[in-house]
Amino acid sequence: MLLLNPQRSLQGEDLRSFLASKQDREKFAEQMGWAWLSGKDIVGLSAAFHVSMKDGSSIPLDVEVFCVSFVNQDGHAVYFAGIREFTDSSPILQTWPTSDRRRDHSI
């Protein structure tokens, strides 16, 4: 989904086609199926899970998928899914020396 041609519409595309592997597609189907089954009895229940998606160059990107079910104005259970980039590593922090920690390099 990332880096795709902006002229290309994604309307009607199957979200699973953007997942990086067969295992990711199976996990997505399993988790969304669980949300669907849970949503029949419990509206507002949310779920989150991790999969890898591929960008426009087919490079895998770890994402977290959020799903919540709710009842629409017609009384049908519907689902909202959100996707965000996910990393479990800490960001690289740049530390700058402060005046009291600088080494004296004078000769």
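Counting from 1, the numbers follow the sequence of the chain as shown.
With hydrogens and angles left out, the side-chain atoms of Asp14 and Ser17 include no donor and acceptor closer than 3.5 Å.
Under the 3.5 Å distance criterion, the side-chain polar atoms of Asp24 are left unmatched by any main-chain donor or acceptor of Val51. When atom types are taken as modelled, the side chain of Asp74 and the backbone of His76 share no donor-acceptor pair closer than 3.5 angstrom. Lys27 places a side-chain N or O within 3.5 Å of a backbone atom of His50 that can act as its donor or acceptor partner.
The CZ atom of Phe18 sits 9.5 Å away from the CD1 atom of Ile83 when rounded to the nearest 0.5 Å. Within the model, atoms NZ of Lys54 and CG of Leu19 stand 8.5 Å from one another, a figure rounded to the nearest 0.5 Å. We find the CD-CD distance between Glu85 and Glu64 to be 11.5 Å, quoted to the nearest 0.5 Å.
Residues Tyr79 and Val68 are not in side-chain contact: their nearest non-hydrogen atoms beyond the backbone lie 4.5 Å or more apart. A heavy-atom distance below 4.5 Å is found between the side chains of Phe28 and Phe49. Two residues are said to be in side-chain contact when any heavy atoms from C-beta on lie closer than 4.5 Å; Val78 and Val71 fail this criterion. Residues Met53 and Leu15 have side chains in contact (heavy-atom distance under 4.5 Å, counting atoms from C-beta outward).
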